[in-house]
Amino acid sequence: MQKLCDKVPSFDSNLAMAVVKEELGMPWQEAFAELTPEPIAAASLGQVYKGKLKTGEDVAVKVQRPYVLETVTVDLYIIRSMGLTVGVAESCSVLRAFCVAEPGCVPRASSGCCRT
């Protein structure tokens, strides 16, 4: 799985700046004195820009990758389905976060696994 998450390319900076504007309720130029035009790091969940506040403090601005929640939800559904297929879902404490988000799920107290 590490190979799947390693060296993830960044997504379009124009899209990232649109996310920043939506989250802040204003263009980044009103909130920051500086912001790098391209990310300084990218990962599977988002990317990071180097910024400077108007007060002069250096900051890291993390922008979540668009549709990451939907992607992770589908990935976890597939993993859970695979676990059910091979009979290892009974020890699904790793999937507890997914179980809480799954519609119609009723977590079992004994293991945290979901049963509908």
Side-chain angles (χ1 to χ4, degrees):
M1 194 167 221
Q2 178 61 32
K3 288 185 178 184
L4 295 175
C5 297
D6 197 18
K7 299 179 182 161
V8 175
S10 61
F11 59 93
D12 187 309
S13 287
N14 290 326
L15 182 55
M17 292 307 114
V19 170
V20 170
K21 181 178 181 179
E22 183 179 327
E23 291 294 320
L24 295 177
M26 65 183 81
W28 72 263
Q29 295 90 338
E30 292 180 25
F32 302 97
E34 298 174 15
L35 198 61
T36 56
E38 296 299 321
I40 59 172
S44 57
L45 299 179
Q47 56 198 37
V48 179
Y49 293 83
K50 182 178 179 182
K52 187 175 290 245
L53 297 177
K54 295 193 177 209
T55 59
E57 298 167 277
D58 289 329
V59 294
V61 179
K62 295 169 69 174
V63 182
Q64 184 173 300
R65 189 174 290 276
Y67 308 110
V68 73
L69 178 60
E70 294 85 350
T71 302
V72 169
T73 300
V74 169
D75 289 349
L76 289 174
Y77 175 79
I78 292 167
I79 290 169
R80 182 169 179 259
S81 296
M82 289 171 47
L84 291 172
T85 301
V86 296
V88 296
E90 289 305 311
S91 60
C92 70
S93 60
V94 173
L95 301 178
R96 188 176 307 214
F98 172 68
C99 291
V100 172
E102 185 179 327
C105 170
V106 179
R108 291 191 324 200
S110 61
S111 66
C113 294
C114 294
R115 296 292 179 253
T116 53

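Here, residue 1 is the first one in the sequence, and each next residue gets the next number.
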Minimum-distance pair of heavy atoms, taken over all atoms of [X] and [Y]:
X	Y	answer
Pro37	Ser13	O-OG, 3.2 Å
Gln29	Lys54	O-NZ, 3.2 Å
Ala43	Arg65	O-NH2, 3.0 Å

Point-to-point distance, once rounded to the nearest 0.5 Å, from CD1 of Ile78 to OG1 of Thr73: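 Between Ile78 CD1 and Thr73 OG1, I get 11.0 Å after rounding to 0.5 Å.
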From NZ (Lys62) to CD (Gln47), nearest 0.5 Å: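 One finds 12.5 Å between NZ of Lys62 and CD of Gln47.
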Cluster companions of Val48 among Ile, Leu, Val, Met, Phe, Trp, Tyr (side-chain spacing under 4.5 Å): Ile40
Remaining members of the apolar cluster that contains Leu35, side-chain heavy atoms under 4.5 Å: Phe11, Leu15, Met17, Val19, Val20, Leu24, Met26, Trp28, Phe32, Tyr49, Leu53, Val59, Val61, Val63
Salt bridge (Lys or Arg N to Asp or Glu O under 4.0 Å) against Lys52, all qualifying residues, sequence neighbours excluded: Asp58
Criterion side-chain hydrogen bond (donor to acceptor under 3.5 Å, both in side chains) on Glu38 and Thr36, from CA distance to verdict: CA-CA 5 Å; Glu38 296 299 321; Thr36 56; over 6 Å; no
Glu70 atom CD, over 12 foreign heavy atoms within 6.0 Å: yes
